[in-house]
Amino acid sequence: MATEGPATRRVRVAEHPRLMKLKEMFNSKFGSIPKFYVRAPGRVNIIGEHIDYCGYSVLPMAVEQDMLIAVEPVETQTLQLANTNPLYPDFSTNANNIQIDKTKPLWHNYFLCGFKGIQEHFGLSNLTGMNCLVDGNIPPSSGLSSSSALVCCAGLVTVTVLGMNLSKVELAEICAKSERYIGTEGGGMDQSISFLAEEGTAKLIEFSPLRATDVKLPSGAVFVIANSCVEMNKAATSHFNIRVMECRLAAKLLAKYKGLQWDKILRLEEVQAKLGVSLEEMLGIVEDALHPSPYSPEEVCRCLGISLQELRTQVLSPNTQNVLIFKLYQRAKHVYSEAARVLQFKKICEEAPDNTVQLLGDLMNQSHVSCRDMYECSCPELDQLVDICRLGLKGHDSLEQDGEAVQYQLYLLTSCPAS
């Protein structure tokens, strides 16, 4: 249950090759053995791309790939971090003087985000140190949320060392907030599914308040998760935060157009909620209120009746203050249509008509087209990968697997790394 804390269990390390190898590397690195191990999975988002930070529900599921950390509390105040991957150098700092450099999204900063989030949640100022060895098998910067899994894992490590108790929902909310220390204005999906996932089901993740509902996927469907091999570290570029800001600006212009108190509006969902209209009606309002051509900062100012200085200091985030164009119409169209697709996906799974797989596939195809054309968060390699898979599956409705016919989806779940 979401109100419970994360599961704990005793394991025989010798029976788990990965844990045994991690224990041996830990001993080699620190000259001691770990006291416990913490795991947090990565995720794939089935549908609901880039709408969590706009306030809308998403539909992810966890994957087997994860972050695993071996931990030993120590009596000093030194936090020592190491990684089994030699590409990631060791790091050491004072546990009570955590500094996170937003300009350099190095691997250890994601651990520090989770650590600092727990520290600040409890208002602690005299934390003990620890030795930690991180082992991750989630492909980095691939759209499978390796960074958020590390933040979550670090938060859980810190809670465990402190002997504190938090529910999975509380941990997810704290870790979602604390990842912003590194400069990423995310919405909370990644952290929520990492803590709230359960085997055998996807989850509809809703926000304000955070809650998760099981979504049973069709048993005859095979989900293919592929990596386009194009890496994008969203904290290392401004692409992600520009999309977040475009959605925020679109929400404010829509609110102003409808006579709402626009300066208090931050998310597109808030506009819909205050107007009390459907998602389909919001798409109509977007057509009336916003134009497809890009907005300049000056035009945004004219629409809102504010100065350029006010826009930069009161509305834009630090890494979006020099952006020259904002595609507000396209971003709002994607968000409202994608939010509707999430609800349609859940409804189809619940009703389970005979053509469930085809209907879900159609929604996934629509989602990718919108991500590619309206949100511009795809890339040529990903588009090519999707096209190849669609062409390869044409005419093949099922596959014999262990003597049983298994229906294939007519779409591909892929990493979406371009923003």
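A quick note: this is a predicted structure, and the numbers were derived from the prediction, not measured. Starting from 1, each residue takes its place in the sequence as its number.
Although no hydrogens or angles enter the test, the distance criterion places no donor-acceptor pair under 3.5 Å between the side chain of Ser370 and the main chain of Ser367. Here the side chain of Glu338 pairs a donor or acceptor atom with the backbone of Glu49 at under 3.5 angstrom. Glu173 contributes no side-chain N or O that, together with a main-chain N or O of Glu170, makes up a donor-acceptor pair within less than 3.5 Å. Looking at Arg211, its side chain does come within 3.5 Å of a backbone N or O of Pro209 through a donor-acceptor pair. For the pair Trp107 (side chain) and Ser147 (backbone), a donor-acceptor distance under 3.5 Å is absent. Between the side chain of Ser194 and the main chain of Asp190, no donor-acceptor pair closer than 3.5 Å is present.
For Lys347, the side chain to side chain donor-acceptor pair (under 3.5 Å) partners at least two apart in sequence or on another chain are Glu351.
Seen from the ring of Tyr181, Lys116 counts as a face-on cation partner, given the 6.0 Å and 45° thresholds.
Under the 3.5 Å distance criterion, with hydrogens and angles disregarded, no donor-acceptor pair is assigned to the side chains of Asn319 and Gln321. For the residue pair Gln99/Thr93, the side-chain donor-acceptor check at 3.5 Å is not satisfied. Glu299 and His291 are linked by a side-chain donor-acceptor pair at a separation below 3.5 angstrom, with hydrogens and angles left out of the test. In the model, Asp362 has no side-chain atom that pairs as donor or acceptor with a side-chain atom of Gln366 under 3.5 Å. Inspection of the Asn96 and Gln77 side chains reveals an N or O donor paired with an N or O acceptor under 3.5 Å. In summary, the side chains of Arg180 and Thr184 do not present any donor paired with an acceptor at a separation below 3.5 Å, with no hydrogens or angles considered. A donor-acceptor pair shorter than 3.5 Å can be found between the side chains of Thr320 and Ser317. Checked by atom type, the side-chain pair Asn137/Gln65 shows no donor-acceptor distance below 3.5 Å. Side chains of Glu281 and Ser278: a donor on one and an acceptor on the other come within 3.5 Å.
In terms of heavy atoms, Leu328 sits closest to Ala250 at O-CB, 3.8 Å. Shown here for Pro60 and Asn45, the closest heavy-atom pair between the two residues is N-OD1, 3.4 Å. Taking every heavy atom of both residues into account, Glu179 and Ser148 meet most closely at OE1-OG, 2.8 Å. Residues Val357 and Ala221 share a closest heavy-atom pair of CG2-CB, 4.3 Å. Across all their heavy atoms, Ile51 and Ser57 have their closest contact at CD1-O, 3.2 Å. Pairing each heavy atom of Ala172 with each of Ser192, the nearest pair is CB-CA, 3.8 Å.
Between the CG atom in Leu162 and the CE atom in Met164 there is a gap of 5.5 Å [rounded to 0.5 Å]. Distance CD1/Ile174 to CD/Gln119: 12.5 Å, rounded to 0.5 Å. Here the CZ-CD distance, from Arg331 to Glu246, works out to 4.0 Å after rounding to the nearest 0.5 Å. Note that CD1 of Ile47 and CG of Leu204 are 11.5 Å apart. Values are rounded to the nearest 0.5 Å. One finds the CG atom of Leu283 at 8.0 Å from the CD atom of Glu287 (value rounded to the nearest 0.5 Å). Rounded to the nearest 0.5 angstrom, Ile325 CD1 and Ser296 OG are separated by 10.0 Å.
Within 6.0 Å of the CG atom in Asn322, the count of heavy atoms belonging to other residues, nucleotides or ligands does not exceed 12. For Lys256, the NZ atom sits in a packed shell: over 12 heavy atoms of surrounding residues, nucleotides or ligands are nearer than 6.0 Å. Summarising the local packing, CG of Leu324 is surrounded by 12 or fewer heavy atoms from other residues, nucleotides or ligands at distances under 6.0 Å. Residue Lys21 places its NZ atom among 12 or fewer non-hydrogen atoms of other residues, nucleotides or ligands, all under 6.0 Å distant. By the 6.0 Å contact criterion, CD on Glu199 is open, its count of non-hydrogen atoms from other residues, nucleotides or ligands being 12 or less. No more than 12 heavy-atom neighbours from other residues, nucleotides or ligands sit within 6.0 angstrom of CD on Gln384.
Residues Pro6 and Leu171 meet the side-chain proximity criterion, which asks for heavy atoms closer than 4.5 Å. When side chains are defined from C-beta on, Cys349 does not count as touching Thr356, because their heavy atoms never get closer than 4.5 Å. Side-chain atoms of Leu68 and Leu19, non-hydrogen and from C-beta on, do get closer than 4.5 Å to each other. Counting heavy atoms from C-beta outward, Ser167 and Glu4 have side chains that stay 4.5 Å or more apart. The shortest side-chain heavy-atom distance between Val71 and Asn131 does not fall under the 4.5 Å cut-off. Looking at Met189 and Arg43, their side chains come closer than 4.5 Å, going by heavy atoms from C-beta outward. Residues Pro297 and Val323 fail the side-chain proximity criterion, which asks for heavy atoms closer than 4.5 Å. Leu81 places none of its side-chain heavy atoms less than 4.5 Å from the side chain of Val134.
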List, one per line, each side-chain donor-acceptor pair under 3.5 Å for residues 259-270, sequence neighbours excluded.
unit_1 : atom_1 : unit_2 : atom_2 : d
Glu270 : OE2    : Leu266 : N      : 3.3
Glu270 : OE2    : Arg267 : N      : 3.0

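Using bins of under 30°, 30° to 60° and over 60° for the plane-to-plane angle, the ring pair Tyr53/His50 lands in the perpendicular bin. Relative orientation of the Tyr336 and Tyr56 rings is perpendicular, given thresholds of 30° and 60° on the angle between their planes.
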Could you walk me through whether Phe195 and Cys175 pass the side-chain contact (heavy atoms from CB on, under 4.5 Å) test, one step at a time?
-> CA-CA 10 Å; Phe195 280 113; Cys175 290; 3.9 Å; yes
Determine, stepwise, if the pair Leu144 / Ile225 fulfils side-chain contact (heavy atoms from CB on, under 4.5 Å).
-> CA-CA 10 Å; Leu144 295 178; Ile225 305 171; 4.1 Å; yes
Check step by step if side chain to side chain donor-acceptor pair (under 3.5 Å) holds for Asn241 and Glu185.
-> CA-CA 6 Å; Asn241 285 341; Glu185 298 287 335; 5.6 Å; no
Go through the steps to decide whether Met61 and Leu217 satisfy the test side-chain contact (heavy atoms from CB on, under 4.5 Å), and finish with yes or no.
-> CA-CA 10 Å; Met61 61 182 175; Leu217 301 172; 3.9 Å; yes
Under the side-chain contact (heavy atoms from CB on, under 4.5 Å) rule, what do Leu316 and Phe326 come out as? Steps first, then yes or no, please.
-> CA-CA 12 Å; Leu316 300 181; Phe326 299 101; 4.1 Å; yes
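Between Asp66 and Arg18 there is a salt bridge, with a side-chain nitrogen of the basic residue lying less than 4.0 Å from a carboxylate oxygen of the acidic one. The pair Asp383-Arg372 does not meet the salt-bridge criterion, since no charged nitrogen lies less than 4.0 angstrom from a carboxylate oxygen. Using a cutoff of 4.0 Å between basic side-chain nitrogens and carboxylate oxygens, Lys203 and Glu198 are scored as salt-bridged.
Of the candidates Gln330, Arg243, Lys327, Lys327 is the only one forming a side-chain hydrogen bond (donor to acceptor under 3.5 Å, both in side chains) with Glu376. Of the listed residues (Phe111, Phe26, Tyr37), just one forms a side-chain contact (heavy atoms from CB on, under 4.5 Å) with Ile69, and that residue is Phe111.
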